[in-house]
Amino acid sequence: MPTFRLILAAAALAFGATLAALALADGEPPRSGVPAADAPDPASTDGRIASQQAAVRAKPGEPDGYVLLAASYLQKVRETGDAGYYDRARAAVDRALALDPGNAGALTERGALRLARHDFDGALADGLAAREAAPAAVRPYGVVVDALVELGRYGEAERTLQRMISLKPDLASYARVSYQRELHGDLAGAVKAMELAAAAGGSVAENGAYAGVLLGDLQFTRGRYGAARTEYSEALDRLPGYAPALAGLARVNAAGGRLAPAIARLREVVTRLPLPQYVVALGETELAAGEREAARRDFALVRVQQRALGGAGVDTDVELAIFEADHGSAEQAVVLAERAWAATPSVRAADARMWALTQAGRAREALRWIPRALALGTRDPLFLYHAGMTARAGGRPAQARGLLERALAQSPRFSPLYAPRAQAALESL
């Protein structure tokens, strides 16, 4: 779905925030003082939370127990979409830092929480502080890399990532390498790195399954829909009922023109994990199927969810700017995109600003944002679609033709809603 990767960020499932969570799950765990045998079910996040809560009650003066508890609360957000766990994670981190202000594990967890809430400057500060407090630890590097990427400081992020992978080539580091390659348009290289990440696995079943979903997403972006289906299905085999994998299979259904099964699957996903990106995907698939009233209801729900995320301290300006540009107020989208760019001058923010201006009827202003959005060489069809439509509206037909052709050549059925629009626009040039 066109907003799959972008609005994923709103619930701490954006790629950077996701990778921070993967790093926390797969790096060396902080010492909790709790024997592993005390955990009722090591594979269950609820079991770990119960065990860790008992541990901090038994030893309230030990910060490491609170660090572990905070990590489990962040994992719970990933699994349920319940932003209320952010507040619980913050309380646990605050307690750990009150007991030990320089605790590297607590600083890393607070950095991960700030990534989830899109406070990237704060996350960077925490990651750097954690790295200084524990120079041999790998996990702080993940927070630093993710924050630098979201702040648009790509060169620094790549240098930090090189150090991270040299220290520990595992799921967390390979997944970040994959994303770096994807950002720069090296999709084949991104797939290879993500295959290594998926093969490395992790101590949390959900993390391994999500690595498989991300691999499916890469194959989908390449237009290899059969390979994407295989990856999503294997992720479901690893974790039955896993909502991101079901959403991936819905994308494949839609790409094959099977909109009714796609809608049915997405409704199941929204029931299991009611996050904005899935509701947007559902609404856009409904629009493609001509179900405008159902889409209108779902888009109204997105705004409710975004308000809830905002109440939980999650900054979703980039994601909300794209949503408003496509399905709401283009003028509000411009305001949100300007604010996003001021805070996080990344290619994602540049794409949002470009698209918001175009949808607001200001395509000539938007033209200067095309090179910024495409600065790294992305091959994301949605970015190329936005840029192509901007060039078309801005009076640059040759540039528009080239961009739209690239989008459709890359993944001809990248969206049930936008791929047909890209094709129609191309034929009109």
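In this text the structure is predicted, and so the values were computed from the model without any measurement. The chain is numbered in sequence order, starting from 1.
Sorted by first then second residue, the salt bridge (Lys or Arg N to Asp or Glu O under 4.0 Å) pairs that include residues 417-429, not counting sequence neighbours, number zero.
The main-chain N or O of D317 is found under 3.5 Å from a side-chain atom of D315 such that the two form a donor-acceptor pair. In this structure a side-chain-to-backbone donor-acceptor pair under 3.5 Å is present from S173 to K168. Checked by atom type and distance alone, the side chain of T316 never pairs as donor or acceptor with a backbone atom of E319 at under 3.5 Å. Remark: side-chain polar atoms of R181 are paired, donor with acceptor, to backbone N or O of G189 under 3.5 angstrom. Panel note: side chain T230, backbone G226; a donor-acceptor pair is recorded below 3.5 Å.
Taking a 6.0 Å sphere around CD of E132, one finds it holds 12 or fewer heavy atoms contributed by other residues, nucleotides or ligands.
T358 places none of its side-chain heavy atoms less than 4.5 Å from the side chain of H386. Taking 4.5 Å as the limit, every side-chain heavy atom of T378 sits out of range of all side-chain heavy atoms of E182. Using a 4.5 Å heavy-atom threshold, the side chains of V177 and I165 count as touching.
Taking the ring centre of Y225 as origin, the terminal cationic atom of R413 falls outside the region bounded by 6.0 Å and 45° from the ring axis.
When only modelled atom types and interatomic distance are considered, R222 and Q219 share a side-chain donor-acceptor pair under 3.5 Å. Using a 3.5 Å distance cut-off with no hydrogens or angles, the side chains of E79 and T45 do pair a donor with an acceptor. E150 and T344 are not linked by any side-chain donor-acceptor pair at a separation below 3.5 angstrom, with hydrogens and angles left out of the test.
With respect to R153 and D146, no salt bridge is recorded, no charged nitrogen being found less than 4.0 Å from a carboxylate O. Comment: E268 does not engage R265 in a salt bridge, judged by the lack of any side-chain N to carboxylate O separation of less than 4.0 angstrom. The existence of a salt bridge linking R267 and E286 is confirmed by a sub-4.0 Å separation between a basic side-chain nitrogen and an acidic carboxylate oxygen. A salt bridge links D126 and R114; the closest N-O separation between the charged side-chain nitrogens and carboxylate oxygens is under 4.0 Å. Between R110 and D94, no side-chain nitrogen of the basic residue sits less than 4.0 Å from a carboxylate oxygen of the acidic one, so the salt-bridge criterion is not met. Using a 4.0 Å cut-off between a side-chain N of Lys or Arg and a carboxylate O of Asp or Glu, K76 and D46 qualify as a salt bridge.
Closest heavy-atom contact between A289 and I263: CB-CD1, 4.0 Å. For the pair A333 and E324, the tightest heavy-atom approach, listed with the atom from each and the gap, is CB-CB, 3.8 Å. Contact detail for A175 and A197: the closest heavy-atom pair is N-CB, 3.8 Å. Listed here is the closest heavy atom pair of S178 and A190: OG-O, 2.8 Å.
Taking the six-membered ring where tryptophan is involved, the planes of Y418 and H327 are tilted, since the angle between them lies from 30° to 60°. Ring-plane geometry between Y85 and Y73 is classed as tilted, the angle between the planes lying from 30 to 60 degrees on a 0 to 90 degree scale.
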Open item on the list: Under the criterion side chain to side chain donor-acceptor pair (under 3.5 Å), I'd like the reasoning laid out for R392 against S428: C-alpha separation, chi angles, the key distance, then a yes or no.
Closed with: CA-CA 10 Å; R392 176 175 177 264; S428 74; 3.3 Å; yes
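In this structure, W355 has its ring center at least 6.0 angstrom away from the ring center of F383. A distance of 6.0 Å or more separates the ring centres of Y232 and F220.
Between the CG atom in L417 and the OG1 atom in T285 there is a gap of 8.5 Å [rounded to 0.5 Å].
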